[in-house]
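Below is one structure, written out as C-alpha cells; the observations come after it.
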There are 2 protein chains.
Amino acid sequence: MLNDFPLTLKKLNLKITPKRLAILEILMKESVYLSPGEVWKKMKKRFKRIGLPTVYRNLEELSEGNIISEVTHPNRQLYYYFCQNRSHHHHFICLSCRKVEDINFCGLNELEKEVTKKIKGKLLSHIMQVNGFCRHCLNKKEKYFDS
Amino acid sequence: MLNDFPLTLKKLNLKITPKRLAILEILMKESVYLSPGEVWKKMKKRFKRIGLPTVYRNLEELSEGNIISEVTHPNRQLYYYFCQNRSHHHHFICLSCRKVEDINFCGLNELEKEVTKKIKGKLLSHIMQVNGFCRHCLNKKEKYFDS
DNA sequence: TAATTAAATAGAAATAATTTTCATTTAAAT
DNA sequence: ATTTAAATGAAAATTATTTCTATTTAATTA
Ligand SMILES: [Zn+2]
Ligand SMILES: [Zn+2]
Ligand SMILES: [Zn+2]
Ligand SMILES: [Zn+2]
C-alpha cells in the first residue's frame, strides 16, 4: 500500500501519532521540498501545541526510515521531500521554485565496483543530486532563491 | 603548472596574499578534509593575527574557483579538500579517518541528457559523493566520527 | 477496561557553526 | 609614491539545529 502511513510507521517501529501522520500528509501534499520550519508552520495550523523539535525529530526519523528524502541544498540547510517512487533513484531539484523531479539514472553499480575493487573500502551511503532550474523557472525573468 | 598558487589566484582575479597562499598550502599538505575551524587553528600557528571569517571567506572563494572542493558531509558541516586531480571527478570520503579518494566514474553525460531531454531544465550543478569506510578504517575496531 | 511502560512531545534553553558589519590594512595598478 | 579596490580583524549577530527535562500519550498487558 503506497500511502498507508500507519502501516508504514508500524514497519519502522514508530508509534502512530497524529503528528507523525500529519507531517507525512503535509509532505505528501506538497510538490516542493520543505524546511523543518516550514513544516512546523503548517503543523501549527492543525495543532495548537506543536514543538519545533518534534518536527525536526520526526523528519529525521522518517528520513532514516527512507520514507522521505533529504535534499542536499547548496545553502546547507535541511529540506525534506516525500517521493512516491519507492525504488532507489535520485533527484533533480529546482533552486528557484523547489520542484523535485526524478532522475532515472544512478551509477550505484559502478560506484560499488570502484569502492570495493579499487578503494577496497565499504560504501555506506552515496549522494547524487542535480541542482538547476526547472523548465518553468528557466523562462521566468526573475529567479528567486528563498531560503 | 599544477601548484603555482600565485598564478592560480591571478587567474581567478584574487589578490595574492600571504594568507591565501598559506590556506592553500595547508590544504595541499593535508591528506584529509578539514573544517574551516581546523584550517584556522593551523593558520594561527603561522600568523599572529588571523580571523576566522577570513578563513571562511577564502575557503569559499577558492571553492567557487574550483581550486578546492567542498565535502558534503552527513553532519552538514563544511569541510574542504584540495585535490590534485584537475579534471572533473568525484570523491569517496571516509567517515572515520576523513581520507578522500577519487572516484573515476561520473554520470554527468547521462544526467545532462536527462535534464535537458526529459526535464527540459537547466543543470547548474551536481553532487556525487560516496561516503564510507576506507580500507584502513574497515579493519579498525573502533570507528570514530569526530566532527 | 484499567494499569503499565516505553516512546513521544512541549517548551525553554543551549549550542555552535556561520555570517555580517565596519573600521583598518594591504596588494597591485598607476 | 599615490591611489583604489580588495582583503582583513575583531566583535557582534544570526539562526538553524539540538539538548534537556517534565509531562503526555500510544500501545501493550492484565
Ligand atoms: Zn523551478
Ligand atoms: Zn523521487
Ligand atoms: Zn578511513
Ligand atoms: Zn579528487
Side-chain angles (χ1 to χ4, degrees), chain A residues 5-24 26 33-65 67-68 70-80 145-147, chain B residues 5-24 26 33-65 67-68 70-80 145-147:
Chain A
F5 290 147
L7 182 62
T8 298
L9 294 180
K10 195 156 276 171
K11 279 183 189 161
L12 292 177
N13 281 106
L14 294 175
K15 289 187 179 172
I16 299 160
T17 68
K19 284 165 186 175
R20 281 218 172 93
L21 294 173
I23 288 174
L24 277 170
I26 284 168
Y33 52 92
L34 295 179
S35 69
E38 288 161 347
V39 173
W40 185 48
K41 276 190 212 114
K42 289 173 189 289
M43 288 292 280
K44 282 194 284 191
K45 291 177 184 159
R46 302 199 192 188
F47 300 89
K48 59 176 173 306
R49 302 182 84 212
I50 171 69
L52 185 52
T54 297
V55 174
Y56 269 89
R57 274 188 307 254
N58 275 286
L59 290 171
E60 187 177 9
E61 289 159 350
L62 295 170
S63 171
E64 300 251 311
I67 305 310
I68 63 178
E70 206 179 299
V71 168
T72 301
H73 200 278
N75 72 8
R76 271 174 308 106
Q77 287 188 206
L78 269 176
Y79 295 96
Y80 292 97
F145 301 82
D146 49 353
S147 64
Chain B
F5 290 147
L7 182 62
T8 298
L9 294 180
K10 194 156 278 173
K11 280 183 189 161
L12 292 177
N13 281 106
L14 294 175
K15 289 187 180 174
I16 299 159
T17 67
K19 284 165 186 174
R20 282 218 172 93
L21 294 173
I23 288 175
L24 275 171
I26 284 168
Y33 50 92
L34 295 179
S35 69
E38 288 162 346
V39 173
W40 185 48
K41 276 190 212 115
K42 291 175 187 289
M43 289 291 281
K44 283 194 283 191
K45 291 177 185 161
R46 303 199 191 189
F47 300 89
K48 58 176 173 306
R49 302 183 83 215
I50 172 69
L52 185 52
T54 296
V55 174
Y56 269 89
R57 277 187 304 248
N58 275 285
L59 290 171
E60 187 178 11
E61 289 159 350
L62 295 170
S63 171
E64 299 251 311
I67 305 310
I68 63 178
E70 208 178 297
V71 168
T72 302
H73 200 278
N75 72 9
R76 271 176 307 106
Q77 287 188 205
L78 268 176
Y79 295 95
Y80 293 96
F145 300 81
D146 49 354
S147 65

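Backbone-only contact: A/Pro18 has heavy atoms under 4.0 Å from sugar-phosphate atoms and none from a base.
As rounded to whole Å, 13 Å separates atom C1' of D/dA10 from atom NZ of B/Lys44. Residue B/Glu60 contributes atom CD, which lies 14 Å from atom P of D/dT8 at whole-angstrom precision. Atom OH of B/Tyr80 is separated from atom P of C/dT18 by 8 Å (rounded to the nearest Å). Atom CE in B/Met43 sits about 13 Å away from atom P in D/dA10, given to the nearest Å. Rounded to an integer number of Å, the gap from B/Gln77 CD to C/dT19 C1' is 15 Å. One can place CZ of B/Phe47 at 15 Å from C1' of C/dT25, the figure rounded to the nearest angstrom. Distance, A/Glu70 CD to D/dA16 P: 16 Å, rounded to whole Å. Rounded to an integer number of Å, the gap from A/Glu38 CD to D/dA16 C1' is 13 Å.
At least one side-chain nitrogen or oxygen of B/Tyr56 sits closer than 4.0 Å to the OP1 or OP2 atom of C/dT18. Contact between the side-chain N/O atoms of A/Asn13 and the OP1/OP2 oxygens of C/dA6 is not found at any separation under 4.0 Å. For A/Asn75 and D/dA16, the shortest distance from a side-chain N or O to OP1 or OP2 is not below 4.0 Å.
Partners of A/Pro74 according to the side chain to side chain contact (heavy atoms under 4.5 Å, CB included) rule, which considers only residues two or more places apart in sequence or in another chain, are A/Leu95, A/Asn131. Qualifying side chain to side chain contact (heavy atoms under 4.5 Å, CB included) partners for A/Leu12, counting only residues two or more places apart in sequence or in other chains: A/Leu14, A/Ile67. For B/Lys42, the salt bridge (Lys or Arg N to Asp or Glu O under 4.0 Å) partners two or more places apart in sequence, or in a different chain, are B/Glu30. Remark: A/Tyr33 pairs with A/His73, A/Tyr79 by the ring-ring contact (aromatic ring centres under 6.0 Å, His included) rule, at least two apart or across chains. Residues meeting the salt bridge (Lys or Arg N to Asp or Glu O under 4.0 Å) test with B/Arg46, sequence neighbours left out: B/Glu25.
The residue among A/Arg76 and A/Glu61 whose nearest nucleotide of DNA chain C lies closer to the 5′ end is A/Glu61.
Note that CG of B/Leu21 and OG1 of B/Thr8 are 9.5 Å apart. Values are rounded to the nearest 0.5 Å. Distance check: B/Glu38 CD to B/Ile26 CD1 gives 11.5 Å after rounding to the nearest 0.5 Å. Atom-to-atom distance recorded for A/Leu78:CG and A/Leu34:CG is 12.0 Å, nearest 0.5 angstrom. Distance check, rounded to the nearest 0.5 Å: CG of A/Leu62 to CZ of A/Phe5 gives 9.0 Å.
Scanning both residues, B/Phe47 and B/Pro18, for their nearest heavy atoms gives CZ-O, 3.8 Å.
Listed nucleotides: C/dT19, D/dA27, D/dG9. Nearest to the side chain of A/Ile16: D/dA27. Distance from the side chain of B/Leu14 is smallest for D/dA7 among the nucleotides D/dA7, D/dT18, C/dA10. For A/Thr17, taking side-chain heavy atoms from C-beta onward, the closest of the listed nucleotides C/dA10, D/dA26, C/dA17 is D/dA26.
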Report all interatomic pairs (protein N or O, nucleotide N or O of nucleotides 2-5 of chain C) with separations under 3.5 Å.
none

Protein-nucleic acid N or O pairs under 3.5 Å, nucleotides 11-14 of chain C:
| unit_1 | atom_1 | unit_2 | atom_2 | d |
| --- | --- | --- | --- | --- |
| C/dG11 | OP1 | A/Arg49 | NE | 3.0 |
| C/dG11 | OP1 | A/Arg49 | NH2 | 3.3 |

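Sorted by first and then second residue, the salt bridge (charged side-chain N to carboxylate O under 4.0 Å, His left out) pairs with a member in residues 5-16 of chain B form an empty list; sequence neighbours excluded.
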Give the table of side-chain donor-acceptor pairs shorter than 3.5 Å for residues 49-58 of chain B, with sequence neighbours excluded, one pair per line with atom names and distance.
| unit_1 | atom_1 | unit_2 | atom_2 | d |
| --- | --- | --- | --- | --- |
| B/Thr54 | OG1 | B/Arg57 | NH2 | 3.1 |
| B/Asn58 | OD1 | B/Arg20 | NE | 2.7 |
| B/Asn58 | ND2 | B/Thr54 | O | 2.8 |

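With axes fitted over five pairs at each extremity, the angle between the ends of the helix from C/dT1-D/dA30 to C/dT30-D/dA1 is 40° (10° resolution).
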